[in-house]
Amino acid sequence: TLADLLGFGMPRWRRVLGLILLLWVVSTVAGAVCWASTQRIEIDTSTAQYRAHPAFVDSLARGPVLNFARVLRLTGWRIVLRADSLGQDTVAVTRSSDAYRNALIVIDVRNLDADNREEIVLHELWHVKLSSYAGIIRELVGAHEGFLSWEVARKEEALVTDLTRMMLWR
């Protein structure tokens, strides 16, 4: 019966604990449904690289970007994917504003190896996920330009790389 399910007839502390567990399960299931519906992945179609490779860029947005944004629970973020030139050795860069929950991921399709596209996308999304923490650390270190700020950037990059490889079992 419903009375048994809610724990009536049990000591009060067990009833409260059972109700908390029930609410936790319901909120987890409801949260999972809401996360899927709040992803805003947009594609910047104004670049020459997009016009040259529209199917590939669209597949990145519909595939790895959307999937990993869900996994990392980037709820309510507006993520813009732009295919654009970055330079000889740069594959991708990310700029994000944690306060406004906006992120821009720029990927140079010419430098992107199809075999590691998921790794690159996940790596950049980890930067988005950790942007609030990295921003606080950058503000604290901001007065100490030079070696300390360079070391913080290096450690952030190492952490993001380790988290990416851990998730992909590499």
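- Applying the ring pair (Phe, Tyr, Trp, His ring centres under 6.0 Å) test to H53 and every residue at least two apart in sequence or in another chain returns nothing.
- Residues satisfying the salt bridge (charged side-chain N to carboxylate O under 4.0 Å, His left out) test with D162, not counting sequence neighbours, are none.
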Less than 3.5 Å apart, which donor and acceptor atoms pair up between the side chains of residues 88-98 and the rest of the protein, not counting sequence neighbours?
from: T94; atom 1: OG1; to: E124; atom 2: OE1; distance (Å): 2.4
from: S97; atom 1: OG; to: Y100; atom 2: N; distance (Å): 3.4

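- Grouping the Ile, Leu, Val, Met, Phe, Trp and Tyr side chains by contacts below 4.5 angstrom, directly or via other members, places V80 with V106.
- Considering only residues two or more places apart in sequence or on other chains, R62 meets the salt bridge (charged side-chain N to carboxylate O under 4.0 Å, His left out) condition with none of them.
- Partners of R117 according to the salt bridge (charged side-chain N to carboxylate O under 4.0 Å, His left out) rule, which considers only residues two or more places apart in sequence or in another chain, do not exist here.
- Both I105 and F56 are members of a single hydrophobic cluster when ILVMFWY side chains are connected at heavy-atom separations under 4.5 Å.
- In this structure, R101 has no salt bridge (charged side-chain N to carboxylate O under 4.0 Å, His left out) partners at least two apart in sequence or on a different chain.
- Contact between R110 and Q49 at its shortest, heavy atoms only, is NE-NE2, 3.3 Å.
- Sorted pairs that involve residues 151-170 and meet ring pair (Phe, Tyr, Trp, His ring centres under 6.0 Å), not counting sequence neighbours, are lacking altogether.
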| request: Please report the C-alpha distance between I107 and N111 in whole Å, then the side-chain angles of each, then the deciding distance to 0.1 Å, and finally whether the side-chain contact (heavy atoms from CB on, under 4.5 Å) criterion is met. | output: CA-CA 8 Å; I107 295 178; N111 297 339; over 6 Å; no
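- The heavy-atom pair separating V71 from M167 by the smallest distance is CG1-CE, 3.5 Å.
- The side-chain contact (heavy atoms from CB on, under 4.5 Å) test with I79 is passed by exactly one of N102, I43, L74, L66: L74.
- The salt bridge (charged side-chain N to carboxylate O under 4.0 Å, His left out) analysis of residues 74-84, with sequence neighbours excluded, yields the pairs E42-R78, D44-R82.
- Counting only residues at least two apart or on different chains, the ring pair (Phe, Tyr, Trp, His ring centres under 6.0 Å) pairs with a member in residues 105-132 are H123-H127.
- Taking CG of L163 as the reference point, atom CG of L125 lies at 12.5 Å (rounded to 0.5 Å).
- Under a 4.0 Å N-O distance rule, the pair E151/R154 qualifies as a salt bridge.
- Put simply, L60 and L72 are part of the same group of oily side chains (I, L, V, M, F, W, Y) that touch within less than 4.5 Å, one to the next.
- Residues T47 and A83 approach most closely at OG1-O, 2.5 Å, considering heavy atoms.
- For the atom pair CD1 (I41) and CG (L81), the distance works out to 8.5 Å, reported to the nearest 0.5 Å.
- Rounded to the nearest 0.5 angstrom, R51 CZ and T45 OG1 are separated by 8.0 Å.
- Qualifying side-chain contact (heavy atoms from CB on, under 4.5 Å) partners for L168, counting only residues two or more places apart in sequence or in other chains: F68, E119, L122, T164, R170.
- Shortest non-hydrogen contact noted between P54 and A52 is CD-C, 3.5 Å.
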